[in-house]
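I have placed the structure first, in the form of structure tokens, so that the comments after it can refer back to it.
FYI, side chains are in, hydrogens and waters are out, and symmetry mates aren't considered; it's all heavy atoms of this structure. Everything numeric in this text was worked out from a predicted model, so none of it was measured.
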Amino acid sequence: MSMLNFTVGPVMTWDELLNIGGSQVPYFRTAEFSEIMKESERYMNEFANAPEGSRTVFLTGSGTMSMESAVMNILTSQDRALVVNGGSFGHRFVELCKLHNIPFDEIELSSGEALTKSALDRYNATDYTAFLINVHETSTGVLYDMSLVHEFCKSGNLLLIADAISTFLADPIDIAAMGIDVMITSSQKALACAPGVSMLAMSAKALKRVYANGSRTMYMDIIDALKNGDRGQTPFTPAVATLIQINKRLKMIADNGGVEAEIARVADIAAYFRERIKDMPFEYVSQSPSNAVTALHPTTATARYIFEELKKNHNIWICPNGGDMADYMFRVGHIGNVTHEHIDILIDAIRMVI
Ligand SMILES: *Cc1c(COP(=O)(O)O)cnc(C)c1O
């Protein structure tokens with residue numbers, strides 16, 4: 001029996017997508033593949049409610065590649081960025097700004113802390129040109145309040161770069177309503193496809209900057225990706241099979257009630273898990289948990305012990321935390337093909353372990 005996988009990616013998926021992964025990979029410089037890619041771009045723009053004039057490009061590389069591509073193609077040393085750093089993914093934006101010489105300040109939040117209006121009020125929006133945030137800080141399970149971020153960015157006319165890698169299809173993300181200029185996501189989170197592809201959905205304002213800045217990387221160049229994307233192609237050989245899975249998954253969502261229905265399905269899985277752990281010796285790490293994951297601090301055993309025992313004796317993966325959080329907390333993902341029955345099996349196993 002294969003592992004029951006409650007991590008945050010790669011996650012368990014559906015037979016339709018497994019079958020694509022088990023098939024021969026087709027040649028891709030064809031009209032048929034171009035049609036698939038153009039259709040996927042239309043679905044992405046529709047599902048994220050990207051306004052007229054927006055574009056989505058598909059890069060071969062995990063989510064971090066699109067984070068780096070956004071920083072390299074959209075920001076310059078003339079910018080000043082404000083970065084929300086509430087965990088390992090916020091820290092990644094900080095590292096990227098350092099590496100690419102983008103001047104920045106960071107809003108440091110402690111593990112699980114929500115972003116508040118008073119935290120934002122300590123900064124003057126007009127001192128900055130860009131705002132970088134992970135809509136969901138997956139390392140601690142915090143879903144940030146994007147309406148606060150939107151207000152702040154509007155007041156200083158900031159370009160908003162939003163890492164929605166674990167948000168897209170798990171919690172509501174609306175590019176138009178949230179004033180997002182660049183939305184980043186990737187294939188192996190709530191999309192539940194194989195890893196290897198990440199996406200950048202960009203507003204007209206972000207696109208203008210991309211063209212004005214010019215090319216400064218070959219493999220991660222957005223200008224080249226846009227030009228090829230016009231005809232449904234990519235500059236280099238992409239992760240073809242993963243892109244075909246993405247197309248299938250987007251179609252399946254469209255056929256099953258659309259993006260709202262899919263988010264409601266993930267929300268139901270999260271709610272069911274949280275109901276089932278009510279009487280268990282766990283504390284919530286996050287003040288404002290997302291639908292994608294529940295981060296928990298166990299009070300009667302270490303998180304590392306629970307992870308190891310579930311893996312060894314029950315064929316179950318939960319999602320461990322790394323570094324100095326390894327003993328303190330673990331996470332349970334609610335994305336991908338998780339059912340109530342899977343959660344019942346997990347709960348029984350956790351009861352035995354603790
Ligand atoms: C998963 C994730 C990433 C990207 O990780 P990769 O391993 O590069 O795909 C980035 N940000 C967030 C918020 C994530 O959840």
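- Annotation: ring pair (Phe, Tyr, Trp, His ring centres under 6.0 Å) contacts involving residues 223-251, sequence neighbours excluded, comprise Y219-F236.
- The side-chain contact (heavy atoms from CB on, under 4.5 Å) check on T7 picks up N5, W317, C319, with sequence neighbours excluded.
- The pair R80-D105 meets the salt-bridge criterion, since a charged nitrogen lies less than 4.0 angstrom from a carboxylate oxygen.
- Atom CD1 of I175 and atom CE of M146 lie 10.5 Å apart (nearest 0.5 Å).
- For the residue pair E106 / H91, no side-chain donor-acceptor distance below 3.5 Å is found, with atom types taken as modelled.
- The salt bridge (Lys or Arg N to Asp or Glu O under 4.0 Å) contacts involving residues 295-306 comprise R304-D327, where partners must be two or more places apart or lie in separate chains.
- Under a cut-off of 6.0 angstrom, the local environment of NZ in K205 is crowded, with over 12 non-hydrogen atoms contributed by other residues, nucleotides or ligands.
- Rounding to the nearest 0.5 Å gives a distance of 9.0 Å between NE2 of H342 and CD1 of I269.
- By the side-chain hydrogen bond (donor to acceptor under 3.5 Å, both in side chains) test, K117 is found to be paired with D121, residues two or more places apart in sequence or in another chain being considered.
- A salt bridge between E95 and R92 is absent, with no side-chain N of the basic residue lying under 4.0 Å from a carboxylate O of the acidic one.
- For Y128, the ring pair (Phe, Tyr, Trp, His ring centres under 6.0 Å) criterion is met by no residue, not counting sequence neighbours.
- Counting only residues at least two apart or on different chains, the ring pair (Phe, Tyr, Trp, His ring centres under 6.0 Å) pairs with a member in residues 152-211 are F131-F152.
- Expressed to the nearest 0.5 Å, how far OG1 of T185 lies from CD1 of I165 amounts to 6.5 Å.
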In a table with atom names and distances, give each donor-acceptor pair under 3.5 Å that connects a side chain of residues 256-268 to protein atoms at least two apart or in another chain.
| from | atom 1 | to | atom 2 | distance (Å) |
| --- | --- | --- | --- | --- |
| N256 | ND2 | M252 | O | 2.7 |
| E262 | OE1 | R265 | NE | 3.1 |
| E262 | OE2 | R249 | NH2 | 2.8 |
| E262 | OE2 | R265 | NH2 | 2.9 |
| R265 | NH2 | G336 | O | 3.3 |
| D268 | OD2 | H340 | NE2 | 2.8 |

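- Relative ring orientation between F28 and F33 is described as perpendicular, the plane-to-plane angle rising above 60° on a 0-90° scale split at 30° and 60°.
- Under the 4.0 Å criterion applied to side-chain N and carboxylate O atoms, R55 and D230 are assigned as salt-bridge partners.
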Tell me which donor-acceptor pairs under 3.5 Å the side chains of residues 343-354 have, and how far apart each pair is, sequence neighbours excluded?
| from | atom 1 | to | atom 2 | distance (Å) |
| --- | --- | --- | --- | --- |
| D344 | OD1 | Y272 | OH | 2.5 |
| D344 | OD1 | R276 | NH1 | 2.7 |
| D344 | OD2 | Y272 | OH | 3.4 |

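- Applying the side-chain contact (heavy atoms from CB on, under 4.5 Å) test to P195 and every residue at least two apart in sequence or in another chain returns P10, Q188.
- With sequence neighbours left out, T76 forms a side-chain contact (heavy atoms from CB on, under 4.5 Å) with Q78, D79, N213, R216.
- Using modelled atom types, one finds no donor on one side chain facing an acceptor on the other under 3.5 Å when comparing R331 with T294.
- The stretch residues 15-29 participates, sequence neighbours left out, in these side-chain hydrogen bond (donor to acceptor under 3.5 Å, both in side chains) pairs: R29-Q233.
- Listed by chain and residue number, E275 satisfy the side-chain contact (heavy atoms from CB on, under 4.5 Å) test with K278 (two or more places apart in sequence, or in another chain).
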